Amino acid sequence: MPPCQYRTGKMLGSGTYAIVREAIHITNGGTFACKIINKQLMEGREHLVRNEIAVLKRISSTHPNIVTLHDYFETPRNLYLCFDLCTGGELFNRICSQGHYYEGDAAALVRTILTAVKHIHDANVVHRDLKPENLLFRTQDEDADIMIADFGLSRIIEEEKLNVLTEVCGTPGYMAPEIFQHKGHSKPVDVWAMGVITYFLLAGYTPFDRNTPKEENAAIAAGDYRFEPEEYWVNVSETARDFIRACLTVDPAERPTAAKALEHRWLASPTPHFVPDP
Ligand code: ADP
Ligand code: MG
């Protein structure tokens, strides 16, 4: 479908390689989110976008919490990926405006995201860039569905080994230790990222923030984080902390799979445990 069938509107966001604009289909009036990737900027890395399309073709529309790729096309200058529009914005902005999430709400959200991650893993795809900027709310409603977006760094893997992928990529604060230790990595990196996201949801800041990237990498490699400052954690149960600890297991072979993490008692019970400190 040629791009002239769409009129682009306001900017919705931008990321590493793309800007995303609202797009209105000229004939049917439907609104979409159009990810516009400048080929010149992507020079030599165009395969990333082709990969994103290949992955989306495999899993888009197969789960209610994964963004739907509606259409794609290219011009000599740009590549266009047209998605169903998520009008509720990024989880990142909701966390920032709320400060943090209450534990019950956080558990419900994590359960939904992790169920979609399990679905992605079952299709032999590793996302590799899970973070609150890539998790979008379908609408502005408070209880809107959360959607996993941005499959730009994802990979289809052929084998079940834990070290099939080797490039160093991702967003530093969410990257699992094995990624930058060049040991090879696979699905467990997404469970690690879920641990970082859960920590962020409950505290309002991320666990491995340090003054320099070098210190941050060292902290991640050692799994060096704390549930501190205390005042941010007083209302967070031991069960929630245990869930985060499990996801942030440094050894990927010991880290729970998405399926296993979903069985954790923080997520397994409909009303998550809440044990305030005495
Ligand atoms: P990048 O690979 O450059 O990070 P993303 O796919 O993450 O690109 O898109 C960048 C930003 O655009 C997202 O963080 C989000 O704010 C916005 N965005 C992406 N897809 C949609 C969508 N379907 N609906 C609404 N906003 C979107
Ligand atoms: Mg992104």
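Quick caveat, the model's predicted, so the values are computed rather than measured. Order of listing sets the numbers, starting from 1, for every ligand and every atom in it.
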| query | Among K187, R155, E159, E158, which residue meets the side chain to side chain donor-acceptor pair (under 3.5 Å) test with N124? | reply | K187
Present, as a list of atom pairs with distances to 0.1 Å, all nitrogen or oxygen contacts under 3.5 Å between ligand 1 and the protein.
from     : atom 1 : to   : atom 2 : distance (Å)
ligand 1 : 2 (O)  : K35  : NZ     : 3.1
ligand 1 : 2 (O)  : D150 : OD1    : 3.1
ligand 1 : 2 (O)  : D150 : OD2    : 3.0
ligand 1 : 3 (O)  : T16  : N      : 2.9
ligand 1 : 3 (O)  : Y17  : N      : 3.2
ligand 1 : 3 (O)  : A18  : N      : 3.3
ligand 1 : 4 (O)  : T16  : N      : 3.4
ligand 1 : 4 (O)  : D150 : OD2    : 2.9
ligand 1 : 6 (O)  : K35  : NZ     : 2.7
ligand 1 : 7 (O)  : N134 : OD1    : 2.9
ligand 1 : 7 (O)  : D150 : OD2    : 2.8
ligand 1 : 8 (O)  : K35  : NZ     : 3.2
ligand 1 : 14 (O) : E90  : OE2    : 3.0
ligand 1 : 14 (O) : E133 : O      : 2.8
ligand 1 : 16 (O) : E90  : OE2    : 2.5
ligand 1 : 23 (N) : D84  : O      : 3.0
ligand 1 : 24 (N) : C86  : N      : 3.0

| field | More than 12 heavy atoms of other groups within 6.0 Å of Y232 OH | value | no
| said: Is it the case that atom CD in E228 sees more than 12 heavy atoms from other parts of the structure closer than 6.0 Å? | reply: yes
| request: For residues D242 and W266, determine if any side-chain heavy atom of one lies less than 4.5 Å from a side-chain heavy atom of the other. | output: no
| With respect to Y199, which candidate in F243, W233, F208, W192 satisfies the ring-ring contact (aromatic ring centres under 6.0 Å, His included) definition? | W233
| request: Give a yes or no on whether a salt bridge exists between K131 and E90, defined as a side-chain N under 4.0 angstrom from a carboxylate O. | output: no
| field | H127: which of V117, V55, I59, I148 passes side-chain contact (heavy atoms from CB on, under 4.5 Å) | value | I148
| field | Distance filter under 2.8 Å, centred on the Mg ion (ligand 2) - protein N, O or S atoms that pass it | value | N134 OD1, D150 OD2
| message | Check for me whether the distance between the ring centres of H100 and Y102 falls short of 6.0 Å. | response | yes
| Centroid-centroid distance, Y6 to Y80, less than 6.0 Å | no
